[in-house]
Amino acid sequence: MKKETSCYVISLSDAKETQLFSFNKTHYGNVIRDNRKKMGYTQQQVADLVGVSKNHVTNWEAGRARPDLNVIPAICKTLAISLSAFFSVPDAQDALSREEHQLVDNYRHLAPRDRLLIRTSIEKMLELSEAELWERCRLSFLPILHNYQQAAAGTGTPLDSATEMYQAFIKKSKEAEQADEIVTVNGSSMEPMFHHGQDVFVEHTTELSVGDIGLFVVNGEGFIKEWATDHLHSLNPEYPDIVLHEDDQIRCIGRVLGTVNKADYPSAEEMVVLQELLKENAFES
């Protein structure tokens, strides 16, 4: 196999901003715009009620920016939606249970001084809960790049130096800390080990041993295959191996460490906190 002197690494700055804009617009901008229109507000009216400039609202809805965590409660109050609705999380708690109705009824019978005590206690508990959320996110997750293009475990997918990546987060594990990026499998030639649509951890390296599973680029197409010196082996017998020829342009991007557990990705609420932590460089050692 022809090896290059450096492994394939791409920085976040090389990724196109359109992917981040699309994420922001889908997860935040559309929610704000749709609910603003339901309320009959203009962007300026929302800005005045939330306490920001009109440009902030315009940029949120366009996906050019996302709301800071500290203004999201004000946005929800202005648009008359719950935090769960803002983050597009089904909330069965929107309908009060019998116990919750009883609590509300009891609260209404309390003296003003006791109501203040209850509100103060709740606010303190929420403050502690938010602090615990931030600390849990900081300690439990790490930032990692996710390759926007899929690597084929099948017939091949275009994969070149212009590969786009976007910022992702994943729960800490031995594989996550060793990996340099996450790649999505396309195809079924590596079954039963890897399945179509699975995400896998990839460690950037050009040094593979025979039998290692790697991410390769062969004549501009990306493959996840088993390295076998003169060919790339498909675990699924229904797919042929890729025989390597002297004039092929071959590059080893890295070693596949294992699959990513979907449950190890952050929730929408955790994602907001993690993005704030990233801005504060809280993940730097």
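What you see is a predicted model; the values in this text were computed from it and never measured. What you see below is based on every heavy atom in this structure, not just the backbone, and it leaves out hydrogens, waters and symmetry mates.
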Legend entry - Between Glu181 and His146: side-chain donor-acceptor atoms closer than 3.5 Å: no
Legend entry - Non-hydrogen side-chain atoms of Asp68 and Lys279 separated by less than 4.5 Å: yes
Legend entry - Same cluster (ILVMFWY, side-chain, under 4.5 Å), Leu69 and Val71: yes
Legend entry - Distance-only polar pair, side chains of Thr58 and Gln43, donor-acceptor under 3.5 Å: yes
Legend entry - Donor on one side chain, acceptor on other, Tyr265 and Asp199, under 3.5 Å: yes
Inset, instruction - For atom CD of Glu280, decide whether the heavy atoms of other residues, nucleotides or ligands shown that lie under 6.0 angstrom number more than 12. - result: yes
Legend entry - Heavy-atom donor-acceptor pair, Glu177 side chain to Lys174 backbone, under 3.5 Å: no
Inset, instruction - State which residues pass salt bridge (charged side-chain N to carboxylate O under 4.0 Å, His left out) with Arg138; sequence neighbours excluded, sorted by chain then number. - result: Glu135
Legend entry - Separation between NZ of Lys25 and CD1 of Ile32, rounded to the nearest 0.5 Å: 11.5 Å
Inset, instruction - Starting at CG of Leu142, measure out to NZ of Lys171 and round the result to the nearest 0.5 Å. - result: 12.0 Å
Legend entry - ring-ring contact (aromatic ring centres under 6.0 Å, His included): pairs with one or both residues in residues 27-73, sequence neighbours excluded: Phe23-His27
Legend entry - side-chain contact (heavy atoms from CB on, under 4.5 Å) between His195 and Gln198, intermediate numbers included: CA-CA 6 Å; His195 304 285; Gln198 278 188 323; 3.8 Å; yes
Inset, instruction - Indicate yes or no for a side-chain donor-acceptor contact from His231 to the backbone of Val243 under 3.5 Å, with no hydrogens or angles considered. - result: no
Legend entry - Asp34 side chain to Val31 backbone, donor-acceptor under 3.5 Å: no
Inset, instruction - Check whether any side-chain heavy atom of Val202 sits under 4.5 Å from a side-chain heavy atom of Ile224, and report yes or no. - result: no
Legend entry - Nearest-0.5 Å distance, CD1 of residue Ile81 to NZ of residue Lys38: 9.0 Å
Inset, instruction - Using salt bridge (Lys or Arg N to Asp or Glu O under 4.0 Å) as the criterion, point out the one residue from Glu269, Glu270, Glu130 that pairs with Arg136. - result: Glu270
Legend entry - Check: Met39 and Arg36 side chains under 4.5 Å, non-hydrogen atoms: no
Legend entry - Between Lys225 and Ser189: side-chain donor-acceptor atoms closer than 3.5 Å: yes
Legend entry - CG on Leu208 to CD on Glu226, rounded to 0.5 Å: 11.0 Å
Legend entry - Residues Glu207, Arg255: salt bridge by 4.0 Å N-O rule: no
Legend entry - Any donor-acceptor pair under 3.5 Å from Asp180 side chain to His204 backbone: yes
Inset, instruction - Compute both the distance and the angle, then confirm whether Arg115 meets the cation-pi test with Tyr107: under 6.0 Å from the six-membered ring centre, within 45 degrees of the axis. - result: yes
Inset, instruction - State whether the side chain of Thr78 and the backbone N or O of Ala74 hold a donor-acceptor pair below 3.5 Å, judged by distance alone. - result: yes
Inset, instruction - Supply the atom-to-atom distance Thr229 OG1 to Leu244 CG, rounded to the nearest 0.5 angstrom. - result: 9.5 Å
Inset, instruction - Measure from the side-chain N and O atoms of Ser188 to the backbone N and O of Glu191, and report whether any donor-acceptor pair falls under 3.5 Å. - result: no
Legend entry - Heavy-atom side-chain contact between Ile242 and Phe223 under 4.5 Å: yes
Inset, instruction - Using a cut-off of 6.0 Å, state whether more than 12 heavy atoms not belonging to Lys262 lie near its atom NZ. - result: yes
